[in-house]
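Step one of this worksheet: look at the structure below.
Source: prediction; values computed, not measured. Just so you know, ligand 1 is whichever comes first in the structure, and atom 1 is the first atom listed for that ligand. Note that these values count all heavy atoms, side chains included, but never hydrogens, waters or copies made by symmetry.
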Amino acid sequence: MNTLISQSTAWAALTQHQQQLAHTKIRDLFSQDKQRFERFSVTAAGLFLDYSKNRLTTETLNLLQQLAEEAKLKEWIIHLFRGDKVNNTEQRAALHTALRNRANTPILVDGQDVMPQINQVFQRLQVFTEAVRNQQWRGHTGKSINTIVNIGIGGSDLGPAMVIRALKRYQSPNLTNYFVSNVDSTHLSQILAQINPETTLFIVASKTFTTQETLLNARSARRWLIEQLGSEQAVAQHFVAVSTATQKVVDFGIDPANMFEFWDWVGGRYSLWSAIGLPIMLAIGKEHFEELLSGAYELDQHFQTASFSHNLPVLLGLIEIWYVNFFNASTQAILPYDFSLELFPAYLQQLCMESLGKRVTREGQPVDYATGPIVWGAPGNNGQHAFYQLLHQGSHLVPADILIALHSQYPLSGHQEAVLSNALAQAHTLMQGRNAVETESVLRDLGGQGESLKQSVAHRTFPGNQPSNIILYSTLSPKTLGALIALYEHKVFVESVCWGLNPFDQWGVELGKQVANSLLPVLSGENRDIAHDPSTDGLIRYIQQHR
Ligand code: G6Q
């Protein structure tokens with residue numbers, strides 16, 4: 001058994017150091033150091049990170065970097081990019097970085113270079129994309145395709161859906177995209193009601209091709225298509241698959257010629273760079289897809305080469321560890337001031353919580369410290385009129401990442417200035433707060449006095465000291481988005497290394513799949529023998545009696 005990171009010298013030093021900073025206000029740190037903004041900001045791959053509004057000093061950062069050294073982060077970064085089996089519980093590499101290896105240098109898995117197969121599938125994706133976009137690919141009745149429906153869930157849904165939403169401006173005007181993920185027939189039915197079978201292409205996206213929701217939705221979509229077009233033959237022109245499981249795709253009834261492959265060393269939530277990105281390539285075209293890859297590649301290079309003190313993912317990861325383990329923060333807010341990133345918080349929720357929601361180390365030893373926080377968020381401006389109240393005056397520490405575009409993808413006079421002023425105002429106020437003396441003075445200026453003024457002060461005081469990282473970029477482009485996604489992928493990796501976790505497995509997700517499959521025959525009355533717990537058994541009886 002390896003020693004837990006909580007036994008390290010840096011951990012002990014950070015625990016002590018936290019006591020010195022526990023009651024320090026960030027606003028006072030700014031008063032003490034006029035260079036704080038310059039000192040604590042850094043640029044890479046088109047992203048500017050200002051992390052000066054955090055409860056930290058140079059000493060904090062030095063100790064956090066020491067923690068990363070003790071966790072052997074440098075070595076782990078080499079393992080990750082080299083294709084070592086960093087996913088030890090499944091004995092697999094995690095090579096999402098190979099999919100965007102623009103230098104095309106060999107990367108070996110079990111002694112075999114994976115780049116030729118990556119390039120070959122990319123080539124097939126490109127040819128197929130061009131055929132659909134150039135209207136050469138025809139449906140069963142001879143019409144060209146104008147609707148793409150992706151059927152997948154989790155990692156086979158969230159990434160492509162988020163990217164297409166973010167890059168809608170680059171979308172081909174001749175194609176409309178839909179995503180079906182939920183097994184509730186409402187999802188599929190509402191989409192089927194809007195589309196024309198003659199001009200629709202379904203992409204069944206499933207790494208394992210065993211996921212209940214996806215297969216059920218795909219079967220229903222297939223049945224609908226055959227009914228509508230009156231022929232089984234129609235499936236060949238209207239269904240393609242993306243998977244690692246060729247035989248299962250064939251068993252489903254999709255020609256392997258219409259299947260795009262990826263490999264077990266691509267994790268579901270890390271798969272948008274692979275054939276799982278087919279709906280993205282169809283929507284924005286091959287060149288823009290390549291720009292997305294290039295942005296991620298640039299960030300990959302930065303992650304591998306920059307010193308820890310100037311390394312964006314390292315800094316973001318270490319800062320989160322600082323709050324989670326030394327300030328007991330249990331949450332991380334993602335607040336984009338860029339409406340195109342509407343789905344980014346949901347995407348990150350999976351990336352972070354599936355990767356870091358673990359309680360034993362790689363070696364199976366229980367940890368004695370907190371791990372991945374609860375990640376959530378929404379576009380910042382909407383959040384201000386909803387949940388920010390809790391950030392300003394509630395009782396929880398809520399570190400936030402605030403993402404800001406300098407320019408909108410859709411400029412309208414006066415709007416972006418309003419976006420920027422809101423973003424900066426919120427980050428400022430969350431940090432600065434307003435103490436009782438300041439509040440009293442404001443209220444006096446407004447004419448307040450006596451007992452009522454005293455009462456008002458308590459209600460209108462803001463503790464402040466809520467930390468934030470500001471991530472600024474010019475306009476959201478495929479390249480910037482690629483870099484932004486890679487930034488968070490690597491941030492998660494940094495944390496996993498420091499906490500000693502395997503970020504690439506998801507046994508909790510697998511358990512959910514197994515239990516749902518075991519309950520299905522019980523609910524349908526096929527199998528009455530399986531006992532769960534008294535509540536579940538009672539619910540099964542109730543459902544059976546009332547349906
Ligand atoms: C992602 C997870 C999970 C997975 C879905 C869909 O990392 O493993 O979200 O992507 O359960 O799985 P399939 O792609 O195998 O259908």
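- Ionic pairing of Glu130 and Lys286 is not present here: no N-O contact between side-chain nitrogen and carboxylate oxygen is shorter than 4.0 angstrom.
- Checked against salt bridge (charged side-chain N to carboxylate O under 4.0 Å, His left out), Glu291 has no partners two or more places apart in sequence or in another chain.
- At least one heavy atom of Gln350 sits closer than 4.0 Å to an atom of ligand 1.
- For atom 10 (O) of ligand 1, the nearest protein heavy atom (residue, atom name, distance) is Gly155 N, 2.9 Å.
- Backbone and side-chain nitrogen or oxygen atoms of Gly154 are examined, and none is located within less than 3.5 angstrom of a nitrogen or oxygen of ligand 1.
- Comparing Lys207, Lys513, Glu510 by heavy-atom distance to atom 12 (O) of ligand 1, the nearest is Lys513.
- The aromatic rings of Phe252 and Phe209 sit perpendicular to each other, their planes meeting at more than 60°, with 30° as the lower class boundary.
- The shortest contact between atom 2 (C) of ligand 1 and any protein heavy atom is with Glu354 OE1, 3.0 Å.
- Remark: the backbone N or O of Gln190 is paired with a side-chain donor or acceptor of Gln194 at under 3.5 angstrom.
- Counting atoms of ligand 1 from 1 in the listed order, those under 4.0 Å from a heavy atom of Ser206 are 13 (P), 14 (O), 15 (O), 16 (O).
- The one candidate from Ile226, Thr199, Leu229 that meets the side-chain contact (heavy atoms from CB on, under 4.5 Å) condition with His238 is Leu229.
- Contacts of Arg269 with ligand 1, taken as heavy-atom pairs under 4.0 Å, involve both backbone and side chain.
- The nearest protein atom to atom 15 (O) of ligand 1, hydrogens excluded, is given as Thr208 OG1, 2.6 Å; this is a heavy-atom distance.
- Counting only heavy atoms of the protein, atom 5 (C) of ligand 1 lies nearest to Ile153 O, 3.5 Å.
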Could you pull out every donor-acceptor pair under 3.5 Å between side chains of residues 258-266 and any protein atom, sequence neighbours left out?
from   : atom 1 : to     : atom 2 : distance (Å)
Asn258 : ND2    : Ala236 : O      : 2.8
Trp263 : NE1    : Gln117 : OE1    : 2.9

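- Of the possible polar contacts, one joining the Ser524 side chain to the Pro521 backbone as a donor-acceptor pair under 3.5 Å is found.
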